[in-house]
Amino acid sequence: MAIKSVLIAGAGAIGLFVAETIYKADPGCVSILAKGERLERYRKNGLKVNGKKIDFHLSQGNEKVDFIIAACKFHQLDQIIEDMTPAVGKDTIILSLLNGISSEDIIGAKLGRERLPLAMIIGTDAFHKGEETTYSNKGIIHFGDAEGKNGAREQAIAEFFDRTGVFYELETNMKRALWYKYMMNVGVNQVTAILRLPYRAIMTRGGPEEIPQARLLMEKAMGEVIAVANAQGIDLDETDIEKQYNTLNGLNPAGFTSMCQDVMAKRKTEAEMFSLALTELGKKYGINTPVNETLFLLLRSIEQNY
């Protein structure tokens, strides 16, 4: 099948810049999901990307579409699923760009797991406030079949991204790639959020504002992810911690992770899908995760003190 229509479910940092890229290539094929108060706010204030107001089509999700990109926060997922369900047709493909390792299963349980390849986005430094997203690095969407059996579904997405200029990589071992991103999120997002640090503090460029102790804490959190991944047969190792600095060092040094943005704006974080999910998996496999248990308690304490 050829993808001719796409619905962006979540007009935050990721959703808006992906929508902007598609809009530039084919304005008529992309819509932003919005209902209720959010719809009225978008109509009143508009949506901006890098300072430019874009006249996106706003959809209440009642029209069937070929493709849905979910890009909301984890705690918004249940509502987003409900809102986008009427837009799901017989052959609709869904791509989830949420952080973590569980969104595909959650969406699939309601709308059909066969619709969803595994996916993630990595390397973006998008910042979102109000109805505006700014970015200097778009990052790359990685996706692929959970069992490495890429077929017509993945080919349709690749052809659509080729046509609309979305950067992507079609993966043959997407489970490992997803856990690699999860490892980064668990370390980078949580530590920067708790300490309110920009990217420059955890880079390895040799700058005066780098904080080695923050990097060490981040790496210890990542090490617990590696242990849990290994228990499930996913071959992450210590070299992946070193590899992720290639991505970090390419981001805007003054930028902030999405979780750090949440803390600074006094919004709910995604701690459930990071440290809490990891500690629960650790218990299942008999692996201690003291760093992430501590990070979860710290994040919850910060939220309760808003």
Side-chain angles (χ1 to χ4, degrees), residues 1-74 76-98 103-104 106-108 110-112 115-117 119-121 124 126 128-135 138-139 141 143 153-154 156-168:
M1 65 170 284
I3 294 173
K4 298 180 180 179
S5 56
V6 58
L7 179 67
I8 307 296
I14 303 301
L16 273 186
F17 84 69
V18 173
E20 178 218 26
T21 301
I22 297 170
Y23 184 91
K24 286 180 176 179
D26 186 353
C29 82
V30 59
S31 300
I32 303 290
L33 179 65
K35 301 182 75 171
E37 179 274 334
R38 193 177 298 271
L39 176 61
E40 294 306 313
R41 180 156 44 87
Y42 293 171
R43 283 174 173 169
K44 178 182 178 182
N45 301 332
L47 293 167
K48 295 182 180 180
V49 180
N50 281 350
K52 182 179 179 180
K53 188 174 181 180
I54 301 177
D55 188 24
F56 292 115
H57 176 254
L58 302 177
S59 170
Q60 296 190 57
N62 298 321
E63 307 155 353
K64 304 297 184 189
V65 294
D66 299 326
F67 189 30
I68 297 174
I69 298 177
C72 62
K73 292 290 187 179
F74 184 72
Q76 300 167 334
L77 184 56
D78 287 343
Q79 185 62 55
I80 286 289
I81 292 172
E82 181 181 333
D83 290 348
M84 71 186 189
T85 295
V88 178
K90 177 176 174 291
D91 298 316
T92 301
I93 299 170
I94 302 173
L95 200 70
S96 174
L97 298 184
L98 276 74
S103 64
E104 284 88 359
I106 294 170
I107 297 170
K110 301 285 183 65
L111 299 175
R115 300 182 185 279
L116 293 100
M120 67 178 189
I121 187 164
T124 178
H128 186 76
K129 184 176 182 180
E131 287 77 48
E132 181 173 1
T133 286
T134 56
Y135 68 86
K138 289 186 176 182
I141 294 175
F143 68 95
R153 178 184 63 183
E154 289 73 29
I157 298 171
E159 290 174 357
F160 178 74
F161 283 167
D162 283 335
R163 181 170 71 83
T164 56
V166 176
F167 298 152
Y168 74 92

Novice: Which heavy atom of A119 sits nearest a heavy atom of E104, and at what distance?
Specialist: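 Scanning both residues, the minimum pair turns out to be N-OE2, 3.2 Å.
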Novice: Measuring from atom CZ of R38 to atom CD of Q76, what distance do you get when rounded to the nearest 0.5 angstrom?
Specialist: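 If I round to the nearest 0.5 Å, the distance is 5.5 Å.
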Novice: Search all heavy atoms of T85 against all heavy atoms of I81 and return the closest pair with its distance.
Specialist: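 The pair with the smallest heavy-atom distance is OG1-O, 2.5 Å.
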Novice: Please identify each residue that fulfils salt bridge (charged side-chain N to carboxylate O under 4.0 Å, His left out) with K138, with sequence neighbours left out.
Specialist: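 By the salt bridge (charged side-chain N to carboxylate O under 4.0 Å, His left out) rule, K138 matches no residue at all.
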Novice: Applying side chain to side chain contact (heavy atoms under 4.5 Å, CB included), name anything that partners A126, two or more places apart in sequence or on another chain.
Specialist: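 A126 satisfies side chain to side chain contact (heavy atoms under 4.5 Å, CB included) with A13, F17, T124, T133, Y135 only.
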Novice: Identify, with sequence neighbours excluded, every residue that meets side chain to side chain contact (heavy atoms under 4.5 Å, CB included) alongside E154.
Specialist: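 Partners of E154 by the side chain to side chain contact (heavy atoms under 4.5 Å, CB included) criterion, ordered by chain and then number, come out as P117, F143, D145, N150, L170.
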Novice: Any chance you could measure Y23, atom OH, to L16, atom CG, to the nearest 0.5 Å?
Specialist: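 The distance works out to 13.0 Å.
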Novice: Which atom pair, heavy atoms only, marks the closest approach of G165 to T21?
Specialist: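 Result for this residue pair: O-CG2, 3.4 Å.
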Novice: Please set out all donor-acceptor pairs under 3.5 angstrom arising from side-chain atoms of residues 26-35, sequence neighbours excluded.
Specialist:
unit_1 : atom_1 : unit_2 : atom_2 : d
D26    : OD1    : G28    : N      : 3.4
D26    : OD2    : R163   : NH1    : 3.0
S31    : OG     : H57    : ND1    : 2.9

Novice: If you take all heavy atoms of A70 and L98, which pair is closest and at what distance?
Specialist: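 Here A70 and L98 meet closest at O-CD1, 3.7 Å.
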Novice: Please identify each residue that fulfils side chain to side chain contact (heavy atoms under 4.5 Å, CB included) with N62, with sequence neighbours left out.
Specialist: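 N62: side chain to side chain contact (heavy atoms under 4.5 Å, CB included) contacts with Q60, P86.
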Novice: Which residue pairs satisfy the salt bridge (charged side-chain N to carboxylate O under 4.0 Å, His left out) criterion with at least one member in residues 83-94, sequence neighbours excluded?
Specialist: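 Residue pairs passing salt bridge (charged side-chain N to carboxylate O under 4.0 Å, His left out), neighbours aside: none found.
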Novice: If you compare all heavy atoms of I8 against all heavy atoms of G15, which two are closest, and at what distance to 0.1 Å?
Specialist: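 Reported closest heavy-atom pair: CG2-O, 3.6 Å.
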Novice: Return each pair, listed once, that meets ring pair (Phe, Tyr, Trp, His ring centres under 6.0 Å) where at least one residue sits in residues 26-46; pairs must be two or more places apart or across chains.
Specialist: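 Residue pairs with at least one partner in residues 26-46: there are none.
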Novice: Report yes if the side chains of I54 and L47 come closer than 4.5 Å at any heavy-atom pair, otherwise no.
Specialist: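 They are not in side-chain contact.
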Novice: Give every residue pair that meets the salt bridge (charged side-chain N to carboxylate O under 4.0 Å, His left out) criterion with at least one member in residues 49-71, sequence neighbours excluded.
Specialist: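 Sorted result for residues 49-71: empty, none.
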Novice: Under a 4.0 Å threshold between the charged nitrogen and the carboxylate oxygen, would K44 count as salt-bridged to E40?
Specialist: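 K44 and E40: not salt-bridged.
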Novice: State the CD-CE distance between E159 and M1, to the nearest 0.5 angstrom.
Specialist: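 CE of M1 is found 10.5 Å from CD of E159.
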Novice: Using side chain to side chain contact (heavy atoms under 4.5 Å, CB included) as the criterion, list what pairs up with A25, not counting sequence neighbours.
Specialist: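 A25 satisfies side chain to side chain contact (heavy atoms under 4.5 Å, CB included) with T164 only.
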Novice: For E20, enumerate each residue passing the salt bridge (charged side-chain N to carboxylate O under 4.0 Å, His left out) test, keeping only those at least two apart in sequence or located in another chain.
Specialist: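 Testing E20 for salt bridge (charged side-chain N to carboxylate O under 4.0 Å, His left out), a comparison that skips the adjacent residues, returns K24.
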Novice: Excluding sequence neighbours, so at least two apart, what forms ring-ring contact (aromatic ring centres under 6.0 Å, His included) with F160?
Specialist: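 Counting only residues at least two positions away or on another chain, F160 forms a ring-ring contact (aromatic ring centres under 6.0 Å, His included) with F67.
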Novice: For N45, what residues pass the side-chain hydrogen bond (donor to acceptor under 3.5 Å, both in side chains) criterion, not counting sequence neighbours?
Specialist: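 N45 satisfies side-chain hydrogen bond (donor to acceptor under 3.5 Å, both in side chains) with E131 only.
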Novice: Look up atom CD1 in I106 and atom CG in L77, then write down how far apart they are to the nearest 0.5 Å.
Specialist: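 Rounded to the nearest 0.5 Å, the CD1-CG separation comes to 5.5 Å.
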Novice: Please report the closest heavy-atom contact between M84 and I68, naming both atoms and the distance.
Specialist: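 Shortest heavy-atom contact: SD-CG2, 3.7 Å.
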Novice: Starting at CD1 of I107, measure out to CD1 of I80 and round the result to the nearest 0.5 Å.
Specialist: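 Going from the CD1 atom of I107 to the CD1 atom of I80 covers 9.5 Å.
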Novice: Of the options L95, I93, I94, which is the one that meets R115 in a side chain to side chain contact (heavy atoms under 4.5 Å, CB included)?
Specialist: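 It is I94; the other options fail the test.
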